[in-house]
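Structure, as structure tokens:
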Number of protein chains: 2
Amino acid sequence: MLKHKPDLIDRKILREIQQDAAISNLELADKVGLSPSPCSRRVKQLEDAGIIKRQVTLLDQEALGLPLTIYVHVSMQTQETARLENFELTLQNFEAVQECSLITGSDADYILKVVMPDMAYYEHFLLKQLNQIEGVASIRTSFALRRVISRTTLPLGHLND
Amino acid sequence: MLKHKPDLIDRKILREIQQDAAISNLELADKVGLSPSPCSRRVKQLEDAGIIKRQVTLLDQEALGLPLTIYVHVSMQTQETARLENFELTLQNFEAVQECSLITGSDADYILKVVMPDMAYYEHFLLKQLNQIEGVASIRTSFALRRVISRTTLPLGHLND
DNA sequence: GGTGAAAAGCTTCGTGT
DNA sequence: ACACGAAGCTTTTCACC
């Protein structure tokens with residue numbers, strides 16, 4: 001899906017705004033070596049091309065009282081479409097679930113990343129919510145001891161000419 | 001780490017700006033039922049309290065030619081501190097690594113989430129980069145067949161009075 | 001915390017190169 | 001396609017209620 005292949009300046013723009021969405025067009029233009037007008041034009045084009053999705057504010061997990069990050073591997077009894085759909089739909093209701101992917105190459109079917117205030121909350125989530133969903137066969141829990149890398153910036157190196 | 005416990009209005013603010021960092025203070029104030037001045041005051045307080053970290057722009061993985069999301073479980077030969085530190089430091093150089101956590105409750109030591117343009121890139125990453133790091137014992141690869149949930153918004157429900 | 005006004009900043013044009 | 005410059009607007013920031 002590479003309709004609008006970003007050139008060198010586009011990539012500079014993307015690099016900057018990925019790190020800081022609050023940057024003004026003026027400062028952005030300066031950093032990428034452009035004047036404000038063509039810079040904002042390029043940003044708009046990148047939005048229209050669907051490359052720029054949206055701007056979000058990142059909060060601090062610890063400061064909000066969510067020190068626990070947990071990776072959960074979920075296996076399903078069957079791979080029936082209806083079962084999977086129901087599982088995925090139910091999961092949408094749990095705000096603690098930051099990520100969920102259907103995966104292959106593992107004994108599990110889904111991998112989840114969830115954040116929690118403490119163990120009591122996780123126990124409740126595990127036994128009363130996740131484990132209650134129809135079709136769940138087994139669950140394996142991995143606690144994150146330490147966050148080594150946590151990035152929202154996508155790599156752009158593969159776009160080089 | 002709950003120095004400044006956010007009240008109801010704070011939580012409304014956090015909910016809004018988590019979803020859209022581009023919202024103006026005027027519109028934000030309106031949405032949370034405040035006038036602009038106290039609203040911006042609260043946002044500043046939340047920043048000072050370390051609850052608000054920063055604003056970022058999210059890009060589209062597919063539009064950028066990065067259709068592959070891969071979860072990688074890495075086991076280390078030993079848990080020697082120096083080895084782990086070297087592994088973690090080396091990993092910082094790989095922009096494709098979106099997340100990396102040291103985990104327990106699994107046979108693996110680290111779980112990684114990486115994004116890739118295609119299989120050839122991943123093969124290179126796996127054999128020439130990840131596998132070359134001192135102390136890596138074994139690597140298990142799980143391809144994401146489908147992204148079910150991908151959120152950057154932290155849950156706030158546990159803060160309710 | 002609300003209201004108002006002033007000041008500062010940004011974005012957006014048009015024009016020219 | 002980019003640079004420059006002016007106009008117009010929004011936003012932030014006070015002082016005061």
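Naming convention: chains lettered A, B, ... in sequence-line order (proteins, then strands); numbering from 1 in each chain. What you are looking at is a predicted structure, and each value in this text was computed from that prediction instead of being measured.
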Measure the distance from [atom1] on [X] to [atom2] on [N] and round it to the nearest whole Å.
X     : N     : atom1 : atom2 : value
A/L34 : D/dC4 : CG    : C1'   : 13 Å
A/N25 : D/dC4 : CG    : P     : 15 Å
A/D7  : D/dA1 : CG    : P     : 10 Å
A/R41 : D/dC4 : CZ    : P     : 14 Å

Using a heavy-atom cut-off of under 4.0 Å over every strand shown, decide if B/S24 touches base, sugar-phosphate, or nothing.
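Sugar-phosphate contact only - B/S24 comes under 4.0 Å of backbone atoms but never of a base.
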
Expected output: side-chain B/K5 to main-chain B/L159 donor-acceptor under 3.5 Å:
yes

Please check this pair: side chain of A/Q98 against backbone of B/T153, looking for a donor-acceptor N/O pair closer than 3.5 Å.
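Judged by distance alone, yes, a pair lies under 3.5 Å.
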
Is B/Q92 atom CD crowded by more than 12 heavy atoms from other residues, nucleotides or ligands, each under 6.0 Å away?
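Count over threshold, so yes.
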
Between A/R42 and A/D10, does the salt bridge (Lys or Arg N to Asp or Glu O under 4.0 Å) criterion hold? Intermediate values first, please.
CA-CA 7 Å; A/R42 279 171 181 267; A/D10 284 334; 3.0 Å; yes

Classify the angle between the aromatic ring planes of B/Y122 and B/F143 as parallel (below 30°), tilted (30 to 60°) or perpendicular (above 60°).
perpendicular

Between D/dT13 and B/K44, is there an OP1 or OP2 to side-chain N/O distance shorter than 4.0 Å?
yes

Quick check on DNA chain C: between A/E27 and B/I9, whose nearest nucleotide comes earlier from the 5' end?
B/I9

Start and end of the DNA chain C segment that chain A contacts, any atom under 4.0 Å from a heavy atom
C/dC10 to C/dC13

Roughly how far, to the nearest 0.5 Å, is the CG atom of B/L145 from the OH atom of A/Y110?
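Reported value, rounded in 0.5 Å steps: 9.5 Å.
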
